[in-house]
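The structure appears right after this line, and notes come after that.
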Amino acid sequence: MKRTKLLVSLMMCVMCLSFLIVGVWAAAVSVNFNLNAGLKYYPEGVYVELSGQVYRGSSADNLTALTYDPRFTLSPTTNYDNSTGEPSGNFPIESWEIGAIPFIPTEKVVKIEVTITNHSDFTIAGIPDISIDKQLITEITGITVTDNSTDLFSIESNTNVVYELILEVTSTTAINSSLSVSFDFANASVNYDYFTIDENNQITGLTQTYLDESPEVLVIPAYTQDGLNSLSIATGTPTDITFPNISTNTNILIFQEGFTNLSARVFSSNNIKSIVIPASLTRIGGYNSWAALEKAYFTIVEGWSTNYPPVTSTAEILSNPYTAASCLKSVSVYGMRKS
């Protein structure tokens with residue numbers, strides 16, 4: 001399982017995890033943890049079940065579930081009523097208030113594990129958002145945070161994904177900061193009615209249906225609707241880009257796994273704030289403008305380089321969604337490729 005170093009992700013929280021990291025190491029650093037949906041509601045038709053467990057150990061590969069107190073375990077909880085056998089309703093999930101999780105000198109690693117089960121009729125995406133004292137997580141020192149956020153961008157119907165957030169204390173000095181995590185769950189299924197596709201299996205534009213619905217998430221399909229042929233996006237021209245009409249409501253762009261080549265002059269968007277790059281994508285063409293981009297999630301972070309000048313983009317840069325977004329914006333004229 002690939003882990004990505006985290007900073008922050010996105011809007012419309014439907015569940016929150018918050019931590020208060022306090023204390024001096026000699027007295028044992030502790031974390032106050034809270035998973036709380038508050039009064040936030042899920043988008044229409046999104047039905048999820050959450051369960052969780054807290055672990056602690058000497059390393060990420062040597063962890064033991066904390067079972068001596070029931071507060072470290074989240075029993076299955078949902079945002080819907082299933083008393084009739086069919087999901088209905090849309091309710092905020094009750095808080096999981098764990099309280100203090102003590103770190104000790106021989107066990108400096110804590111893992112918060114949340115199993116997300118999708119009971120919706122469609123694929124959903126869970127977009128994570130992490131901040132520290134309402135600022136970027138890079139502001140904190142003395143603790144390392146890693147997770148597997150890219151596993152959450154495509155959770156198919158009736159399947160589950162285990163989200164793992166790992167905290168490792170690396171300092172002996174006092175830590176006194178509030179760490180919070182939230183998720184935006186959204187419909188992440190492909191809607192072919194959003195795209196015009198020609199006889200050569202090229203996506204040539206966006207339809208009026210897309211403009212009318214103005215989805216928050218736009219998923220670019222990798223294959224034709226029958227699944228028999230691969231799709232690509234037609235290259236634009238210096239005066240006419242392929243997607244000139246991205247809705248102001250669309251700020252999350254997901255390329256479906258299997259999509260291999262993003263052509264030149266496709267996007268010129270002041271709205272897209274987050275982009276998901278699948279493992280299959282090997283080229284990002286030039287003259288794609290990402291003016292508002294804040295976060296870029298690369299499923300594979302190794303092997304990327306800019307087209308000009310030929311500078312290799314380090315895995316560390318692309319592992320961080322904020323620095324990855326800055327890298328993508330800085331090479332927007334020349335594009336990137338993966339070896």
Side-chain angles (χ1 to χ4, degrees), residues 1-4 6 9-10 46 48 115-118 120-128 147-164 183-195 197 201-203 206 210 215-234 242-243 246 250-263 266-267 272-285 288 290 293 295-304 313 315 318-321 324-325 327-328 335-339:
M1 175 181 65
K2 172 188 167 297
R3 300 185 183 278
T4 54
L6 256 186
S9 279
L10 222 18
V46 172
V48 296
T115 299
I116 304 167
T117 303
N118 177 19
S120 316
D121 291 332
F122 46 79
T123 300
I124 65 172
I127 315 296
D147 83 337
N148 60 327
S149 57
T150 55
D151 292 344
L152 307 184
F153 293 118
S154 182
I155 309 174
E156 295 182 358
S157 178
N158 294 319
T159 65
N160 64 61
V161 169
V162 178
Y163 175 71
E164 297 181 347
F183 290 93
D184 172 17
F185 286 108
N187 188 332
S189 55
V190 172
N191 189 333
Y192 286 90
D193 291 337
Y194 290 167
F195 305 96
I197 302 174
N201 296 321
Q202 282 195 321
I203 301 172
L206 297 168
Y210 162 77
E216 177 192 3
V217 178
L218 180 63
V219 182
I220 307 296
Y223 304 98
T224 54
Q225 196 161 6
D226 59 14
L228 299 178
N229 297 286
S230 297
L231 289 172
S232 61
I233 302 178
T242 310
F243 291 167
I246 293 290
T250 300
N251 46 48
I252 303 170
L253 184 65
I254 299 177
F255 289 90
Q256 191 180 44
E257 185 61 50
F259 195 88
T260 60
N261 177 31
L262 173 57
S263 302
V266 173
F267 293 96
I272 300 298
K273 294 182 179 179
S274 295
I275 185 172
V276 179
I277 306 298
S280 56
L281 192 68
T282 59
R283 177 177 176 268
I284 301 173
N288 282 297
W290 313 102
L293 194 65
K295 294 167 282 290
Y297 294 91
F298 282 74
T299 304
I300 299 295
V301 298
E302 294 84 9
W304 284 94
S313 299
L318 298 184
S319 294
N320 176 329
C327 177
L328 193 55
M336 300 176 64
R337 65 184 183 274
K338 185 174 67 176
S339 57

**OP:** Look at the aromatic rings of F267 and F255 and report parallel, tilted or perpendicular, splitting at 30° and 60°.
**Re:** perpendicular

Original post:
Could you state the interatomic distance from OH (Y210) to CZ (F195), rounded to the nearest 0.5 Å?
Top reply: 8.5 Å

Original post:
Looking only at atom types and distance, does a side-chain atom of K338 sit under 3.5 Å from a main-chain N or O of I284, one as donor and one as acceptor?
Top reply: no

Original post:
If every non-hydrogen atom of T224 is compared with every non-hydrogen atom of Y192, which pair is closest and at what distance?
Top reply: O-OH, 3.5 Å

Subject >> Between CZ on residue R283 and CH2 on residue W304, distance to nearest 0.5 Å >> reply: 10.5 Å

**OP:** Please list, chain by chain and in numerical order, all residues satisfying side chain to side chain donor-acceptor pair (under 3.5 Å) with N191, sequence neighbours excluded.
**Re:** none

Subject >> Student check: side-chain heavy atoms of I272 and T250 closer than 4.5 Å >> reply: yes

**OP:** Spell out, as yes or no, whether a donor-acceptor pair under 3.5 Å connects the side chain of S274 to the backbone of I252.
**Re:** no

**OP:** Evaluate the side-chain proximity of V46 to V48: yes if any heavy-atom separation is below 4.5 Å, no if none is.
**Re:** yes

Subject >> Intermediate values then yes/no, side-chain contact (heavy atoms from CB on, under 4.5 Å), L152 and I116 >> reply: CA-CA 9 Å; L152 307 184; I116 304 167; 4.2 Å; yes

Original post:
Do N118 and E156 touch side chain to side chain, with heavy atoms closer than 4.5 Å?
Top reply: no

Original post:
Taking all atoms of both residues into account, what is the closest heavy-atom pair of A188 and V219, and its distance?
Top reply: O-CG2, 3.4 Å

Original post:
Do the side-chain N and O atoms of E257 and S280 include a donor-acceptor pair separated by under 3.5 angstrom?
Top reply: yes

Subject >> Pairwise side-chain contact, L206 with I246, heavy-atom cut-off 4.5 Å (strictly under) >> reply: yes

Subject >> Atom pair SG/CE of C327 and M336 - distance to nearest 0.5 Å >> reply: 4.0 Å

**OP:** Begin with the C-alpha distance, continue with both residues' side-chain angles, and end with the deciding distance and a verdict on side-chain contact (heavy atoms from CB on, under 4.5 Å) for S154 and T123.
**Re:** CA-CA 6 Å; S154 182; T123 300; 3.6 Å; yes

**OP:** Kindly say whether F122 contributes a backbone atom to a donor-acceptor pair with the side chain of S189 at under 3.5 angstrom?
**Re:** no

Subject >> Nearest non-hydrogen partners of A296 and A324, listed with the distance >> reply: O-CB, 3.4 Å

**OP:** Could you pull out the closest heavy-atom pair between F153 and A125, with the gap in Å?
**Re:** O-CB, 3.4 Å

**OP:** Look at the side chain of T159 and the backbone N and O of I155, then say whether any donor-acceptor pair between them is shorter than 3.5 Å.
**Re:** no

Original post:
Between the side chain of E164 and the main-chain N/O of D147, is any donor-acceptor distance below 3.5 Å?
Top reply: no

**OP:** Before giving the answer on side-chain contact (heavy atoms from CB on, under 4.5 Å), spell out for I220 and L253 the whole-Å C-alpha distance, their side-chain angles and the decisive distance to 0.1 Å.
**Re:** CA-CA 8 Å; I220 307 296; L253 184 65; 3.9 Å; yes

**OP:** Indicate yes or no for a side-chain donor-acceptor contact from N288 to the backbone of S263 under 3.5 Å, with no hydrogens or angles considered.
**Re:** yes

Original post:
So, N201 side chain and N229 main chain: donor-acceptor pair closer than 3.5 Å or not?
Top reply: no

**OP:** Please examine the side chains of L262 and I233, heavy atoms only from C-beta on, and report whether any two atoms are closer than 4.5 Å.
**Re:** yes

Subject >> Closest heavy-atom pair and its distance - A234, V266 >> reply: O-CG2, 4.0 Å

**OP:** Answer whether the closest heavy-atom distance between the side chains of T260 and L281 falls below 4.5 Å.
**Re:** no

Original post:
Between the side chains of N148 and Y163, is a donor N or O closer than 3.5 angstrom to an acceptor N or O?
Top reply: no

Original post:
What closest approach, in Å, do P278 and T299 show between heavy atoms, and which atom pair accounts for it?
Top reply: CA-OG1, 3.6 Å

Original post:
When rounded to the nearest 0.5 angstrom, what distance separates CG in L231 from CD in Q225?
Top reply: 10.0 Å

Original post:
Is there a side-chain contact between I203 and F243 (heavy atoms, below 4.5 Å)?
Top reply: yes

Original post:
Rounded to the nearest 0.5 Å, what separation is found between the OG atom of S230 and the CZ atom of F259?
Top reply: 10.0 Å

**OP:** Using a 4.5 Å cut-off on heavy atoms from C-beta on, say whether the side chain of S339 contacts that of E302.
**Re:** no

**OP:** Please assess L293 against I275 for the test side-chain contact (heavy atoms from CB on, under 4.5 Å), listing each intermediate value before the final yes or no.
**Re:** CA-CA 8 Å; L293 194 65; I275 185 172; 3.8 Å; yes

